Trainee: 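What follows is a single structure, and I will ask about it in a moment.
A quick note: this is a predicted structure, and the numbers were derived from the prediction, not measured. In the text below, chain A, chain B and the rest are named by the order of the sequence lines, each starting its count at 1. The analysis underlying the following values was restricted to heavy atoms, covering all of them including side chains, and did not include hydrogens, waters or symmetry mates.
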Amino acid sequence: MTAETSPTTRVRIAPSPTGDPHVGTAYIGLLNYIFAAQRDGQFVLRIEDTDRARFVATSEQMIFDALKWIGLSWHEGPDVGGPYGPYRQSERTEIYRQHADILLANASAYRCFCTPEDLEAARERQKAAKQPPRYDGTCRRLTPEQVDTNLAAGKTFVVRMAVPLEGATTFRDELRGDITFDHNNVDDQVLMKSDGFPTYHLANVVDDHLMRITDVIRAEEWISSTPKHVLLYKAFGWESPRFWHMPLLRNVDKSKISKRKNPVSLVYYRESGYLPNALLNFLGLMGGGMAQPTEQEIVSKNLNTKEGDIFSLAEMLEKFDFKRISLGGPVFDLVKLKWLNGEYIRKLSPEDFFAALRQTVLSDDYLRAVAHLIQTRIDTLGQFGDMTSFFFSDNVMPPESIFLPKKRTLEETLAFVADQLAALEAVPWIATSIEAELKKLGEEKQWFVKENFMLLRAIVTGSANSPPLVESLIVFGKARTLDRMRRFLETQKKLSAQRR
RNA sequence: GUCCCCGUCGUCCAGCGGUUAGGACACCGCCCUUUCACGGCGGUAACACGGGUUCGAAUCCCGUCGGGGACGCCA
């Protein structure tokens, strides 16, 4: 083998359009962006829309918008094209089918006719017996004749990976070193679903190879499936890319960051008035990677020492070092984010500050929508603020006298709010859906419409008098509404803990 | 339950065999100030534990404990 010039660095992010754009996508996106830029490489955006059950049509555009909002751009992607497209997996199904056939032909995979119900039952049994839940290999032992019979009978099937029965797979994680998994602990992963779509594992490996990805920079949660991916590269006779697994962003309780415990939607941060540079800066702080300013820099640039935490994308490009990343999962601390955002706000010129307000929380669109809600409810223009303050305040907390229905206990009320929250999370943000969903929940739980809506009104507006609830929620936005409900629950929980 | 990863103030980072363990957020105090905020100054606060290795361990090795992740026809 001759020494050749190493191939151009190519990295990618592969978000799934299943809901609001996630702060974790921005984090991994930023890291990939920096990695590519530092090596004069290319950054690819690929949409992994192979899960049709969770697919949300509006999600893809929201992902583009959110990534652009924080200041990232990509060389190739569904919106800008590129030489290795299409960049939407749903448009590549034929490619995956062909590749699944290759694996079937070289015995790296097999057809499995087990039903989801069978599998679920088996998993339950294994869990109950404190066994690791794993596919039992029934269909792996099918004879070719049996397979043909099943096929002829028109039985649906999935394609499973035939993980070697013995041995182990070792791969190198660029941050952690070698990691070994015994094949006993690697499941026969489903590669093609019965609907003809590939699973992540197949699509990801095939696409990363076909798109010439050299470095896979993704979250730590993927470590345990990396042996499957490495085995797939081998089965195809391909070379694996390098793997860099980044620490997972965490909730305050250290669990993987989740919408239940933390605002994770980038839409929330935009609509609540976080500045994109501040968010980007904060994300850059997570996991380290930035060299601290030296004593000399602090003196020569006359830096306040705390400015070691404040840096632009350009500075990240210059100083970020992937080998410096610390592996402990960083807690996504909203308090520090807020401080950082405040620093950015204070740095704005008065004109820019005003412009920022006019683009977000005081935009014409927003003000127009709010105005529309209260026009018939005020007698002088000066009363505008009286009914609309909750649209502009970030600190709304109703007293018990307002939110607690007369005949309900605090406990059942809070439980009902949690139900409302869960229901609204799953609902498209249009009036008919919101109203229907709330009413449905009320019927299930035997809450009068009046109690139901008044409770939510109190939480979101802080008052018993407000413009029409559902219309207000629409204007206020889903992300902020849900966050307000979450914070309400949190605060009430704390209060009742104190009482005890 | 099985496997894998991780472990420095409450939180985010620095530390790379010899430091009074450093900075930032938060918190507390003082100053500035008609108020609040900003700003300035100061303070409380951490190497999970136990064994090694070494003249010397936060730093290297092993074990324990703790935290997290994965174990889906989700990604």
Trainee: Does G72(B) have OP1 or OP2 under 4.0 Å away from a side-chain N or O of Arg134(A)?
Mentor: no

Trainee: Does any donor-acceptor pair link the side chain of Ser194(A) with the base of C73(B) at a separation under 3.5 Å?
Mentor: yes

Trainee: Could you tell me how far G15(B) sits from C47(B) if I compare only their C1' atoms? Round to whole Å.
Mentor: 10 Å

Trainee: For the pair Tyr269(A) and Leu337(A), evaluate side chain to side chain contact (heavy atoms under 4.5 Å, CB included) and give the outcome as yes or no after the intermediate values.
Mentor: CA-CA 11 Å; Tyr269(A) 291 98; Leu337(A) 204 211; 3.7 Å; yes

Trainee: Applying a 4.0 Å non-hydrogen cut-off, can you work out what Gly287(A) is touching in the nucleic acid: base, sugar-phosphate, or nothing?
Mentor: sugar-phosphate

Trainee: Which listed nucleotide (G39(B), C3(B), C6(B)) is nearest to the side chain of Leu327(A)?
Mentor: C6(B)

Trainee: Taking OP1 and OP2 of C5(B), is either one under 4.0 Å from a side-chain nitrogen or oxygen of Ser224(A)?
Mentor: no

Trainee: Should the pair Trp222(A) and His229(A) be assigned to parallel (<30°), tilted (30 to 60°) or perpendicular (>60°) ring geometry?
Mentor: tilted

Trainee: Cut-off 3.5 Å, side chains only: do Asp49(A) and Ser90(A) have a donor facing an acceptor?
Mentor: yes

Trainee: In the strands shown, is A70(B) matched to any nucleotide by a Watson-Crick or G-U wobble pair with both distances under 3.5 Å, and which?
Mentor: U2(B)

Trainee: Both distances below 3.5 Å, Watson-Crick or wobble geometry, any strand: find the nucleotide opposite C32(B).
Mentor: none

Trainee: May I ask you to verify if any side-chain N or O of Lys254(A) is less than 4.0 angstrom from the OP1 or OP2 atom of G66(B)?
Mentor: no

Trainee: Whole Å only: how far is the CG atom of Leu285(A) from the P atom of U11(B)?
Mentor: 16 Å

Trainee: In terms of side-chain heavy atoms of Val158(A), which of C5(B), G15(B), C73(B) is nearest?
Mentor: C73(B)

Trainee: Is Lys347(A) close enough to C38(B) that one of its side-chain N or O atoms is under 4.0 Å from OP1 or OP2 there?
Mentor: no

Trainee: 5'-most contact on RNA chain B: Gln131(A) or Arg250(A), nearest heavy atom basis?
Mentor: Gln131(A)

Trainee: Quickly, which of Trp69(A), Tyr344(A), Tyr27(A) forms a side chain to side chain contact (heavy atoms under 4.5 Å, CB included) with Leu279(A)? Name it, please.
Mentor: Trp69(A)

Trainee: For nucleotides U11(B) and U64(B), find the distance between their C1' atoms and express it as a whole number of Å.
Mentor: 27 Å

Trainee: Hey, does the side chain of Arg123(A) come within less than 4.0 Å of C73(B)'s phosphate (OP1/OP2), counting only N and O?
Mentor: yes

Trainee: For Trp339(A) and C13(B), give me the distance from atom CH2 to atom C1', rounded to whole Å.
Mentor: 12 Å

Trainee: What integer distance in Å separates Asp188(A):CG from C71(B):C1'?
Mentor: 13 Å

Trainee: Write down the distance separating the P atoms in A37(B) and C31(B), rounded off to the nearest Å.
Mentor: 15 Å

Trainee: Please tell me which of the listed nucleotides, C74(B), C4(B), G23(B), lies nearest to the side chain of Phe181(A)?
Mentor: C4(B)

Trainee: Considering Watson-Crick and G-U wobble pairs with both distances under 3.5 Å, what does C27(B) pair with?
Mentor: G43(B)

Trainee: Where the side chain of Arg176(A) is defined as all heavy atoms beyond and including C-beta, which of C6(B), C38(B), A75(B) is the nearest nucleotide?
Mentor: C6(B)

Trainee: Can you confirm if the NZ or CZ of Arg160(A) lies within 45° of the ring axis of Tyr135(A) and under 6.0 Å from the centre of its six-membered ring?
Mentor: yes

Trainee: May I ask you to say what Arg218(A) touches in the nucleic acid, namely base, sugar-phosphate or nothing, with a heavy-atom cut-off under 4.0 Å?
Mentor: nothing

Trainee: If C65(B) has a Watson-Crick or G-U wobble mate with both distances under 3.5 Å, name it; if not, just say none.
Mentor: G7(B)

Trainee: Round to the nearest Å and state the distance from Asn184(A) atom CG to C3(B) atom P.
Mentor: 10 Å

Trainee: Can a cation-pi geometry be assigned to Arg111(A) and Phe157(A), taking NZ or CZ under 6.0 Å from the six-membered ring centre and within 45° of the ring axis?
Mentor: yes

Trainee: Checking contacts here: which listed nucleotide (G72(B), U2(B), A75(B)) is nearest the side-chain heavy atoms of Pro132(A)?
Mentor: U2(B)

Trainee: Considering only G69(B), U11(B), C73(B), which nucleotide approaches the side chain of Lys256(A) most closely?
Mentor: G69(B)

Trainee: Does C60(B) have a Watson-Crick or wobble mate here (both distances under 3.5 Å), and if so which one?
Mentor: G52(B)

Trainee: Side chain of Ser326(A), heavy atoms from C-beta onward: which of C4(B), A75(B), C13(B) has the nearest atom to it?
Mentor: C13(B)

Trainee: Write down the distance separating the C1' atoms in C12(B) and A45(B), rounded off to the nearest Å.
Mentor: 15 Å

Trainee: May I have the distance from Met246(A) (atom CE) to G68(B) (atom C1'), rounded to whole angstrom?
Mentor: 17 Å

Trainee: Without decimals, in angstroms, what is the distance between Phe332(A) CZ and G10(B) P?
Mentor: 22 Å

Trainee: Tell me whether the side-chain N/O atoms of Lys228(A) come closer than 4.0 Å to OP1 or OP2 in A70(B).
Mentor: no

Trainee: Between C73(B), C13(B), A24(B), which nucleotide gets closest to the side-chain atoms of Pro330(A)?
Mentor: C13(B)

Trainee: Is there a donor in the side chain of Arg12(A) and an acceptor in the side chain of Thr214(A), or the other way round, less than 3.5 Å apart?
Mentor: no

Trainee: Classify Thr50(A) by what it touches in the nucleic acid, base, sugar-phosphate, or nothing, heavy-atom distance under 4.0 Å.
Mentor: sugar-phosphate

Trainee: With rounding to the closest Å, how many angstrom separate the C1' atoms on G69(B) and C61(B)?
Mentor: 26 Å

Trainee: Rounded to whole Å, please give me the gap between CE in Met286(A) and P in A24(B).
Mentor: 17 Å

Trainee: Using the side-chain heavy atoms of Asn185(A), tell me which of these nucleotides is nearest: G72(B), U2(B), U11(B).
Mentor: U2(B)

Trainee: Would you say the side chain of Lys336(A) and the base of A24(B) hold a donor-acceptor pair, judged only by whether the two atoms sit under 3.5 Å apart?
Mentor: yes

Trainee: Tell me: CG of Asn204(A) to P of C74(B), nearest whole Å?
Mentor: 15 Å

Trainee: Report the base-pairing partner of C16(B) (Watson-Crick or G-U wobble, both distances below 3.5 angstrom), or none.
Mentor: none

Trainee: Between Asp178(A) and Asp49(A), who's closer to the 5' end of RNA chain B by nearest nucleotide?
Mentor: Asp178(A)

Trainee: In terms of side-chain heavy atoms, does Tyr110(A) have a donor or acceptor partner in Asp188(A) at a distance below 3.5 Å?
Mentor: yes

